[in-house]
Amino acid sequence: ILIFRVSLKLLASQNSYAWPVEYLQHFYGYQAKSDRQKRAVDSNEDLNWTTGLCDKVKKMQRFFGLPPDGELNEETLTVMKKPRCGLSDVEPYEDTFRWTHRTLSYTKNLPFPAMKIHKVIKSALMLWSSVSLIKFRKRKQREADIVVAFVNRDHGDRAAFDGKGGILAHAYLPGSGIGGDVHFDTAEDWSLNFTGISLPVVAAHEFGHALGLSHSSDPGAIMYPAYNFVPSFELQLSFDDVRRIQRLYGENQPPPRTPDKCDPDLSFDAVTELQQEVVFFKDRFMWRKHPNFVETRITLISSLWSDSVPSHLDAVYENVEKNVVLFFKGDQYWKLQQLNLQEGFPRNISDLGFPSRIKSVDAALHFRSHRHTVFFTVNYFTKHCLKVIVTYCFPAGFVHFFRGNKQYKYDFVQNHIVSVSNSNVMMDCEMETSNDAKL
């Protein structure tokens, strides 16, 4: 059985590392020593135990697209505390469990308004059948391939739920008996649309498990283990979801795609420096380039800033002196400090002194050494301390402007463009031919 239980709520009375260790045990296979064992080991064995924990933290961080430093830092703990599915992230069972027949039956045990819940369940199943050769039919009797139930706490399958928050639901892999069944925790504040904890979103995820899919590290995938759906987006399968379900049950239609960092036509919504990183924003995704990262990986904006930062941003910049990050979209801006949205935000950009004719900011560039910010807008530009497309500043007098799929390297000392390249030239991609053009 691949269902695990862990309470993700941090209690003040608990040891600060007890619940992260439990998380790693249940979702990443960490084998912790008992207190008696730890008291008995010598220093070398204790070092091995600590190294083992660090390795599991790194594995979890890589899965969620975080810097794999092995530290239980604020960013890592924030991801651990997110509501999520109850299955492991590392169990290698895909291609091992699948249904041998292509028309599956399902039935349900519902405590809520049956008609509304059935529409949600039917729509979630249709997400998978619309792209593969598998079909579903409803059965009134209790015996079916997939039994959907709303239960709480200990419900007889040795995988008790943990109350509100933490684990939202779990499912069983294809097979006889309990195989294929899906359980939802009645303690959650379920929503029948895309606000709060969305039942359509969680149902689509759990039905993926019932069909034989494991978790995905693609933050845009339905099979991503942590709940991170952004209400402003239509529920749809990612390229990774579709590719994997079609590998199990055949192809019905080609899949959509998550932005590919190596796509030569890739453009960005915003690019900025954040401390030692360069962060590239696109739709609801971002890439973080850090000198200590082996790879520049995609992740969701919400994975770092939760729901406080919108998607499809216009501009972003960090004010190092004030230790704040500003995000711009339309005529609104958000100010965050240490990942937290400041009180009273978002506000209208007119609060920054923009005239009423300025309805949005296209880009922002903060000069750390000069302590002023330059904003760019369609026909105006001024120091606030006004917009082209996207910029960020390199040391040694260079500014990088982004427009469409091109990046322009500008020497503001000599006052001219020195090179033009693809916008994703810093994404660790090996292009077939060089796109750099010296001017």
Side-chain angles (χ1 to χ4, degrees), residues 83 85-87 97-152 155 168-186 188-213 216 220-224 227-238 240-246 248-256:
C85 171
L87 270 71
F97 296 89
R98 73 177 78 190
W99 297 101
T100 56
H101 46 292
R102 296 299 175 90
T103 299
L104 302 179
S105 59
Y106 70 96
T107 188
K108 54 199 184 308
N109 174 22
L110 307 177
F112 305 112
M115 184 62 70
K116 292 182 179 180
I117 297 296
H118 177 248
K119 287 182 179 180
V120 169
I121 292 171
K122 184 177 179 181
S123 296
L125 291 169
M126 286 179 63
L127 274 178
W128 298 106
S129 64
S130 66
V131 297
S132 66
L133 300 180
I134 201 162
K135 302 298 179 186
F136 301 96
R137 61 184 177 89
K138 179 185 174 184
R139 296 188 69 175
K140 292 186 178 180
Q141 56 266 49
R142 187 168 181 80
E143 292 76 20
D145 296 315
I146 299 172
V147 177
V148 179
F150 285 78
V151 295
N152 65 1
H155 50 279
L168 305 174
H170 58 223
Y172 290 83
L173 303 176
S176 59
I178 202 172
D181 291 358
V182 177
H183 298 162
F184 298 92
D185 187 356
T186 56
E188 307 299 340
D189 291 329
W190 295 107
S191 166
L192 299 184
N193 50 39
F194 300 120
T195 61
I197 299 297
S198 170
L199 181 59
V201 173
V202 178
H205 176 99
E206 299 303 334
F207 287 140
H209 288 313
L211 294 173
L213 295 181
S216 170
I222 287 290
M223 298 311 299
Y224 191 69
Y227 184 87
N228 61 359
F229 183 74
V230 180
S232 58
F233 283 89
E234 177 185 359
L235 180 62
Q236 62 179 357
L237 302 179
S238 72
D240 185 64
D241 294 320
V242 178
R243 176 181 59 82
R244 293 164 65 206
I245 198 67
Q246 289 179 348
L248 291 179
Y249 299 107
E251 180 177 334
N252 189 3
Q253 66 180 48

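As the structure is a prediction and not an experimental result, all values here were calculated from the model.
Considering every non-hydrogen atom in both Leu237 and Ile222, the closest pair reads CD2-CG1, 3.7 Å. Looking at every heavy atom in both residues, Leu104 comes nearest to Ile146 through CD1-CD1, 4.3 Å. For the pair Gly250 and Arg102, the tightest heavy-atom approach, listed with the atom from each and the gap, is N-NH1, 4.5 Å. Minimum interatomic distance between Ala210 and Gly180 (heavy atoms only, all atoms of both residues): CB-O, 3.4 Å. Residue Pro174 comes nearest to Tyr249 through the heavy atom pair CG-OH, 4.4 Å, listed as atom of the first residue, atom of the second, then distance. The minimum heavy-atom distance between Leu248 and Arg98, with the atom names listed, is O-NH1, 3.1 Å.
When atom types are taken as modelled, the side chain of Asp181 and the backbone of Val147 share a donor-acceptor pair closer than 3.5 angstrom. For Asp241 (side chain) and Met223 (main-chain N/O), a donor-acceptor pair under 3.5 Å exists by modelled atom type. Side-chain atoms of Ser105 come within 3.5 Å of backbone N or O of Asp145 as a donor-acceptor pair. Of the possible polar contacts, none joining the Glu206 side chain to the His183 backbone as a donor-acceptor pair under 3.5 Å is found.
Atom CD1 of residue Ile134 and atom CG of residue Leu125 lie 9.5 Å apart, to the nearest 0.5 angstrom. From Trp128, atom CH2 reaches atom NZ of Lys135 across 15.0 Å, with rounding to the nearest 0.5 Å. From Asp189, atom CG reaches atom CG of Leu199 across 12.5 Å, with rounding to the nearest 0.5 Å. Summarising the geometry, atom CG belonging to Asp240 is positioned 11.5 Å from atom CD1 belonging to Ile245; distances are rounded to the nearest 0.5 Å. We find the CE-CZ distance between Met126 and Phe136 to be 10.5 Å, quoted to the nearest 0.5 Å. Here the straight-line distance linking atom OG of Ser216 with atom CZ of Arg244 works out to 5.0 Å at 0.5 Å rounding.
Around NZ of Lys119, the count of heavy atoms belonging to other residues, nucleotides or ligands within 6.0 Å does not exceed 12.
Note: Tyr106 and His118 have parallel aromatic rings, judged against thresholds of 30 and 60 degrees for the angle between ring planes.
Within the 4.5 Å cutoff, the side chain of Glu188 has no heavy atoms near those of the Pro83 side chain.
Taking the ring pair (Phe, Tyr, Trp, His ring centres under 6.0 Å) definition, one finds that Phe184 meets it with Phe150, Trp190, sequence neighbours left out. Under the side chain to side chain donor-acceptor pair (under 3.5 Å) criterion, Asn152 pairs with no residue at all, not counting sequence neighbours. Here Ser123 pairs with nothing under the side chain to side chain donor-acceptor pair (under 3.5 Å) rule; sequence neighbours left out.
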Stepwise side chain to side chain contact (heavy atoms under 4.5 Å, CB included) test for Leu168 and Asp185: CA-CA 6 Å; Leu168 305 174; Asp185 187 356; 5.9 Å; no
